[in-house]
Amino acid sequence: MLNFSYSKLKSSHEGPWIIVDLLMLALLIINLIWLLFDGLFATQAFKSILASMSPDIVKGYAPIHENFVLYDLAFVAIFLTEFCVRWLASVVRKTYVRWYFFPFIHWYDLIGCIPLSGARIFRFLRIFSIFYRLQKHQIIDLRNTAVYRFIIFYYDVLVEELSDRIVVKVLSDAQKDISAGSPLIEDISQQVLASRLPILTQWISSVMVHIGESIEHNDHGESVRSHVQKSVGKAVRGNSQVSTLKLVPILGSTIEKTLEQSVTDIVTQSIINLMKDITPEKIDDFVEHGIGRFSSEDQMLDQEVLLIVNECLELVKQHVSQQRWKDSFDGKYTT
C-alpha cells in the first residue's frame with residue numbers, strides 16, 4: 001500500500017517542487033500512453049481493430065498520426081523547460097560541486113527530450129526519478145508496495161549474481177597466479193613487510209622493555225617471579241648434585257635453600273635484563289639473519305603456505321558462489 005505523508009511534505013519545504021513533480025508525472029503518463037497508442041496505430045492490425053469498433057476514430061486520428069512529431073514537441077517543450085528550471089535551481093542551491101554536473105547526472109531526462117522514437121523510451125525513467133525524489137523526502141513510502149518488493153528482490157538477485165561471478169573470477173585468477181609459481185610470499189615480505197619493518201621492530205622492542213619493567217615491578221611482576229621461583233626450585237631440588245647438599249650435617253638444608261633463592265634471583269634478573277636490553281637494532285638483526293634466512297631458504301614452507309592460501313581461496317569461492325537469494329525466495333513463496 002502506498003503511504004502519503006502530509007506532515008513530511010510540510011516539513012520538507014518542497015511543496016512547489018512536489019506540485020511540479022505531480023504535474024510532470026501526469027504529463028508523462030499521458031505522453032507515454034499517447035506514444036504507445038500512436039505506435040500501435042502505425043500497425044495495420046491495430047487500425048483494423050479500431051475500424052471495426054468505429055471507423056470515425058481511424059479517420060479522425062489519421063491526421064494527428066501523420067503530424068504526431070509536432071504534437072510531441074509540445075510535451076518536449078514542457079519537459080525541457082522543467083529540466084532547465086531544475087538545473088537553474090540546483091545551481092542556486094549548490095546541490096552539486098560543479099554547475100554542469102546536473103545534465104550528466106540527469107542524462108536520461110535530457111535524452112528523453114529528444115523527439116526520436118529511440119530516445120522517447122528514456123521518458124519512462126523520469127517516472128522513477130520522480131518517485132525517487134518523493135521517497136527521498138519520505139513524502140511517500142513505497143517499501144510496502146508489491147511493485148517495490150518485486151523490483152528490489154530481483155534487483156538484489158541481479159546484483160548478487162553479478163558480484164558473485166566477479167569475485168569468483170578474481171579469486172580464480174589469483175589461484176592461477178599462485179599455481180603458476182607466483183612468488184607471493186616473497187612479494188609480501190619485500191613489498192609489504194619490509195617497508196614496515198622499522199615500525200614493527202620498534203614496537204616489538206617497546207613491548208619487550210615494557211614486559212621487563214613489569215616483571216621488575218614489585219606488584220605487577222609478582223606472578224612471573226613466583227612462577228620462575230617455583231620452576232627454578234623444582235629444577236634445583238631435582239638436581240642430583242644439589243641433593244647431596246642435604247647430606248651435609250646441620251647446614252645442608254640451609255645451603256640448598258640459599259642456592260635455590262640465589263639461582264632464582266639470577267634467572268629472574270637475567271630475564272629482566274634480556275627484556276630491557278633488547279633494542280630495535282637487535283630485533284632487526286635477528287629478523288634479517290635469522291628469520292629472513294629461514295624464510296628465503298625453506299622452499300617447502302613457502303609451498304605449504306601457498307597451498308594454504310589456495311585452499312582458503314577455494315573455500316571463499318564456494319561460500320561466495322552460494323545463491324543466498326534462493327533462500328529468501330523459498331522463504332517467501334514456498335508453502
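Please read all numbers here as calculations on a predicted model, not as lab measurements. Positions are given from 1, in the same order as the sequence printed here.
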- Is the shortest side-chain N to carboxylate O distance from R126 to D21 below 4.0 Å?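 Looking at D21 together with R126, the answer is no, because their closest N to O distance does not fall below 4.0 Å.
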- Between R86 and D109, does at least one N-O distance fall below 4.0 Å, as a salt bridge requires? no
Membership question, hydrophobic clusters at under 4.5 Å side-chain separation (ILVMFWY): are [Y] and [X] in the same one?
| X | Y | result |
| --- | --- | --- |
| F83 | I29 | no |
| F150 | Y132 | no |
| I78 | W34 | yes |
| L50 | I33 | yes |
| L125 | I111 | yes |

For residues [X] and [Y], determine if any side-chain heavy atom of one lies less than 4.5 Å from a side-chain heavy atom of the other.
| X | Y | answer |
| --- | --- | --- |
| I49 | M53 | yes |
| F79 | L28 | yes |
| V91 | F102 | no |
| R123 | V76 | yes |
| L27 | M24 | yes |
| I121 | L35 | no |

- Query: Between Y100 and F104, how do the two ring planes meet: parallel, tilted or perpendicular, split at 30° and 60°?
  - Reply: perpendicular
- Please test V20 against V85 for side chain to side chain contact (heavy atoms under 4.5 Å, CB included), starting from the C-alpha separation and ending with a verdict. CA-CA 11 Å; V20 173; V85 171; over 6 Å; no
- Measure across F46 and L40 and return the closest heavy-atom pair with its distance rounded to 0.1 Å. CB-O, 3.0 Å
- What's the shortest heavy-atom distance between H65 and A42, and which atoms?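 Nearest heavy atoms, H65 then A42: CE1-CB, 3.9 Å.
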- Query: Mind checking whether Y108 and F128 have ring centres under 6.0 Å apart?
  - Reply: no
- Does F68 have its ring centroid less than 6.0 Å away from the ring centroid of F41? no
- Flag if over 12 foreign heavy atoms under 6.0 Å of CZ, F37: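 Count over threshold, so yes.
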- Query: Would you find more than 12 non-hydrogen atoms of other residues, nucleotides or ligands less than 6.0 Å from F101 atom CZ?
  - Reply: yes
Approximate separation, where rounding is to 0.5 Å, of [X] [atom1] and [Y] [atom2]:
| X | Y | atom1 | atom2 | value |
| --- | --- | --- | --- | --- |
| Y61 | I64 | OH | CD1 | 6.5 Å |
| H106 | S90 | NE2 | OG | 7.0 Å |
| E82 | L80 | CD | CG | 9.5 Å |
| N31 | D72 | CG | CG | 5.5 Å |
| I130 | I18 | CD1 | CD1 | 10.0 Å |

- Message: Closer than 3.5 angstrom, by distance alone: can the side chain of W87 be matched with the main-chain N or O of W99 as a donor-acceptor pair?
- Response: yes
- For side chain to side chain contact (heavy atoms under 4.5 Å, CB included), just list the numbers for I30 and F75, CA-CA rounded to whole Å, side-chain angles, deciding distance to a tenth of an Å, and then say yes or no. CA-CA 10 Å; I30 294 172; F75 288 95; 4.2 Å; yes
- Item | Test item: side-chain donor near acceptor, Y71 and D38, under 3.5 Å | no
